[in-house]
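I have placed the structure first, in the form of structure tokens, so that the comments after it can refer back to it.
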Amino acid sequence: MLFGFPLISLVIWLPILIGILVFATGGDNNARLAKWVALIGSIMGLLVAIPLYMQFDPTMVGMQFVEYHTWIESFNIHYHLGIDGISMPLILLNCFITPLVVIAGWQVINNRVSQYMGAFLVMSGIVNGVFSSLDAILFYVFWEASLIPMFLIIGVWGGPNRVYAAIKFFLYTLMGSLLMLVAFIYLYNVSGGSFSILDYHKLSLPLTPQILIFIAFLIAFAVKVPMWPVHTWLPDAHVEAPTGGSVVLAAILLKLGGYGFLRYSLPIVPDASEYLSGMMIGLSLIAVVYIGLIALVQADMKKLIAYSSVSHMGFVTLGFFLFSSYGIEGAMVQMISHGFISGAMFLCVGVMYDRLHSRQISDYGGVANKMPVFAAFFMLFAMANAGLPGTSGFVGEFMVIMAAIETNFWYAFCAATTLIFGAAYTLWMYKRVIFGAVANAKVETLNDVSYREIFILTILAVAVLWIGLYPLPLTEVMHATVDDLLAHLSRSKL
Amino acid sequence: MNFLLPNLVPAYPEIFLLIMVCVALLAELLVGDKLPYISYLLSQIALFGCAFITFFTFSPEVVYTFSGMFVDDTLADILKMIVYITVSIFLVYSHKYVAMRDMFSGEFFSLVLFATLGMMVMISANHFLTLYLGLELLSLSLYAMVALRRDSVVATEAAMKFFILGALASGFLLYGMSLVYGATGGALDITRVAEMIQGGVDNPKVLVVGLVFIIAGISFKLSVAPFHMWVPDVYHGAPTAVVLFIGSAPKIAAFGFIMRLLVEGMGGMAADWQEMLIIIAVLSMLVGNFAAIAQTNIKRMLAYSTISHMGFMLLGIISADSNGYSSAMFYMIVYVVITLGTFGMIMLLSRKEYEVEKIDDFKGLNKRSPWYAFITLLFMLSLAGIPPTVGFYAKLSVLQAVMGVGYIWLAIIAVLFSLVGAFYYLRIVKLMYFDEPESDAAIAPAGDVGLLISTNGMAVLILGIFPQTLMTLCFYALH
């Protein structure tokens, strides 16, 4: 701890305040200024998050960097922040992705630049708030608030069908979160007037309420993850969102759902989680296998990656409900690694889209001839997406499959098919887009990636390889927390 | 015969306001030609004076006067203060608008003040007759205000509808009161009615029938389903300034009315009116939210939105405990704050020759003025109950109250309907941010209007981040 300095508050509010400053730069006449302020702000956001990692005590169980102030007395709501081994890596991931998104939009966005950049910064702060809130209402406020910037990002800078996608995104998520709110109020009433999540962790509940609360949470988090069958908003949102929006959506916002399971569903209603784990594993495996097959037949690159995201996130939920240390840690690694890989994949599609304004696989072919450097980067990320050993995609999936084998061979068998399907859809797309002869005159005009794009892709490539080759720094910080969570799960709350 | 002068202190604000109305009318008559703004200024002074009196005669104890017909308690003082502020903000928002439409006359302002007086009497009533007196003073002023533009066909039609249905509702209410009067052995005084009901009456059936009529009357005034038919037509037909007035301060008075009549007077029959209100609340949220989706006229849409919000507010009353009442009051105040802003924005966008009526008039507002688009965004999110705006806490507190007494299914229905509601508020956001503007007329509001509406929008946000003060106020008013 840095002498009780409110580090987490800084990580939340600094990006939001700078985001407001970016809004204040006004119209597109000041676009340059807006971009620079946004870039500096996002880098500052990353810098202030680094002490969270440096000063984090991985051996300690429980919340660190805790801040606790009374906020709304009437309802006993507190401004209660704190992080543990589960939330810290996610906060770092978020702070890491934001500068990349700002740089990715540098030349592409020429319309209402300040609003675009500002929205990303504000969202970055809000998401940090979600990951560090220890009060249910504070969490809910950040959770819902994160919808607003994303709604505007998709709707203002998105593709032709953006309005439909934006409204679908908003209403789907809102539906889930409103039921979660009802569950929170129920917990408030039965816990004798507390909104503290840590109190909920200790609260004993009979099985029926546990199951109902689990379902309320499930709807909220399943929509966000997204799990089959409530995933249909995601391909729409991804396809219509601008590149930066897709990156943040895949890399960060989907993680909110996974985080929700770990912070809420599992510890608050452990018996219901255990009771319904069969259903959860079933839904996860359907996502892994069935959505993987759907990805295979996509003609639109962004849609393909979106479906592949759903399939990969299926691994995350699968890992959570195996109730083993490998499963949960594997799922966490998968979340972080998916953040890098899907972000990188969407950026790669964005690179091509910026040049040709098409996302259809059939419009491309032979891109490697014109963009060799880009093809190399894309190759790495495609391999990582397919789960090649040595990349981060492998580590998480491998750990989850290991955990699945211990539980039931057939779970592991179904989950492992993803290594085939994942390779099939990713590499087949790669082949059709990158290899072969130059398909048409438009591809002929392509220029290779600029230094700006190389910079972003290099950073992501390093991250993907680093987690793939040496995941210890990542698993180390979450180890104590996951063990504590498992110990907590093994005690019945009935 | 000895004649005792009643204690006038609790009624000072009412008396002051009445005098000021007469002064304003006379002033308009004598110097109105030279000083066209005299009525406006005198109205603002009157409201300020009332606030001053209410504030400085405030005492936490309950004072009855006029033989127990009139009461001055914390609830009354706080609700009155809110009414003054609301009416005053309304006057700022609307004075330009009414001036552009040749309604800027002494009558307009005196009607507003008379309606305000009616609300104050309702809020302070402790007797069926006083309640009715205040209600009629308010209603008659409103009918006249709707009809103020007599050359407009829609306005006249709206006024007719409003008047006929309103008179019918008043009849219901009176009939219900008379049944209660009969069943309780001649009690009209609210304190006395409460005592009689607590003690048990000979014929409880008559009492319940009376209650049904009273609920019907209240529902009409509160604009909840199935007594909501007048709302869309009046909102559509009446001049926007008048709609703003109907949609704001009288809601506070209606809350006071419910508190006096249902809670203080007939609190002993809570089990009966709870059931009736549950049906009304669910029906209102259903009708309001679904019908609003189909609207293309912004005023009609907001009319249906009012219906659904009043249904939601009723959930707090349904809880029938002090926690529930204060949450309902909080909801009502928040609703009034947002309504002021929303209609204020509609008037701000209207020009002399152009009336903002269609929801399409909000198209591309972000291009025309990012700041006012942002303010409207705050109002819409707040209506939809999305944090960090104050609308969320209004919903939270009401839901907490209703779940606290065990109606979990009611809370689930309410949140599902508010999901439906979110759709049509989002549609406005979509029009403002995603679409291209249809007109590029500059948005240049008068300084006071622009400043006040910005403050109003910021209040929605700041109250959303720090709602404690307002919650404490509502809690204090009811304990």
Side-chain angles (χ1 to χ4, degrees), chain A residues 23-24 26-27 70-75 77 79 111-112 114-115 126 129 137-148 151-158 162-164 166-167 169-190 193 195 209 212 216, chain B residues 323 326-327 330 366-367 370-371 373-374 377-378 381 384-389 392-393 395-406 408-423 425-427 429-435 464-472 474-475:
Chain A
F23 286 134
T70 303
W71 179 24
I72 303 170
E73 234 175 320
S74 310
F75 287 101
I77 299 173
Y79 180 76
N111 175 21
R112 304 192 226 171
S114 64
Q115 293 185 0
I126 291 172
I137 295 301
L138 186 64
F139 170 81
Y140 187 83
V141 168
F142 282 127
W143 175 274
E144 291 271 274
S146 73
L147 292 180
I148 304 165
F151 175 73
L152 296 177
I153 287 168
I154 298 176
V156 176
W157 295 276
R162 59 208 158 89
V163 174
Y164 170 78
I167 290 186
F169 162 75
F170 199 103
L171 291 184
Y172 252 77
T173 324
L174 187 64
M175 173 186 75
S177 39
L178 283 170
L179 291 171
M180 179 170 75
L181 179 66
V182 173
F184 283 153
I185 298 174
Y186 176 82
L187 286 165
Y188 172 80
N189 285 334
V190 294
F195 273 120
L212 293 175
Chain B
N323 187 8
S326 58
S327 74
F330 182 67
N366 185 38
K367 285 255 169 75
W371 175 249
F374 174 66
L377 171 75
L378 290 177
L381 292 177
I386 312 277
T389 56
F392 165 67
Y393 298 95
K395 286 213 155 72
L396 174 72
S397 57
V398 167
L399 287 175
Q400 193 273 327
V402 78
M403 285 176 70
V405 293
I408 295 176
W409 60 273
L410 208 51
I412 293 177
I413 290 181
V415 297
L416 290 181
F417 281 133
S418 64
L419 177 68
V420 177
F423 173 75
Y425 301 124
L426 276 186
R427 193 169 54 182
V429 177
K430 174 231 152 196
L431 291 171
M432 290 191 303
Y433 279 88
F434 305 168
D435 290 354
I465 298 170
F466 303 105
Q468 182 58 54
T469 321
L470 192 54
M471 283 182 180
T472 313
C474 297
F475 186 81

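Throughout, a chain's letter reflects where its sequence line sits, starting with A, and its residues are numbered from 1.
In this structure, the side chain to side chain contact (heavy atoms under 4.5 Å, CB included) partners of S177(A), at least two apart in sequence or on a different chain, are Y140(A), W143(A), E144(A), L174(A), M180(A). L171(A) is linked by a side chain to side chain contact (heavy atoms under 4.5 Å, CB included) to I167(A), L419(B), A422(B), F423(B), L426(B), counting only residues two or more places apart in sequence or in another chain.
When side chains are defined from C-beta on, F170(A) counts as touching I386(B), because their heavy atoms get closer than 4.5 Å. Under the 4.5 Å side-chain criterion, counting only non-hydrogen atoms from C-beta, Y433(B) is not in contact with V163(A). Put simply, the side chain of L152(A) reaches to within 4.5 Å of the side chain of V429(B), judged on heavy atoms. You'll find the side chain of T70(A) stays beyond 4.5 Å of the side chain of Q468(B), heavy atoms only.
Residues P387(B) and I148(A) approach most closely at O-CD1, 3.9 Å, considering heavy atoms. Across F434(B) and F151(A), no two heavy atoms sit closer than the pair CZ-O, 3.5 Å. Among all heavy-atom pairs drawn from I72(A) and P467(B), the shortest one is CD1-CG, 3.3 Å.
In this structure, CZ in F417(B) is found 13.0 Å from CG in L178(A), a value given to the nearest 0.5 Å. A distance of 6.5 Å separates CG of N323(B) from CZ of F75(A), quoted to the nearest 0.5 Å. Atom CD1 of residue I465(B) and atom CH2 of residue W71(A) lie 8.0 Å apart, to the nearest 0.5 angstrom.
Heavy-atom distances place no part of F374(B) under 4.5 Å from chain A, backbone and side chain included. Contact of T469(B) with chain A is not made at all, since no heavy-atom distance falls under 4.5 Å. Of the two parts of L396(B), the backbone and the side chain both hold a non-hydrogen atom closer than 4.5 Å to a non-hydrogen atom of chain A. When heavy atoms are compared at a cutoff of 4.5 Å, K367(B) approaches chain A solely by way of its side chain, counted from C-beta outward. The contact between Y186(A) and chain B is made by backbone and side chain atoms together, counting heavy-atom distances below 4.5 Å.
Looking only at heavy-atom pairs under 4.5 Å with chain A, the residue among L377(B), L381(B), T472(B) that has the most is L381(B). Across I77(A), L147(A), V156(A), L181(A), the residue that shares the most heavy-atom pairs under 4.5 angstrom with chain B is V156(A). For the set S74(A), A166(A), A216(A), A145(A), the count of heavy-atom pairs under 4.5 angstrom toward chain B peaks at S74(A). The choice from S397(B), S418(B), A411(B), P370(B) that makes the most heavy-atom pairs within less than 4.5 Å of chain A is S397(B). Top candidate by heavy-atom pairs under 4.5 Å with chain A, chosen from F392(B), F475(B), W371(B), is F392(B).
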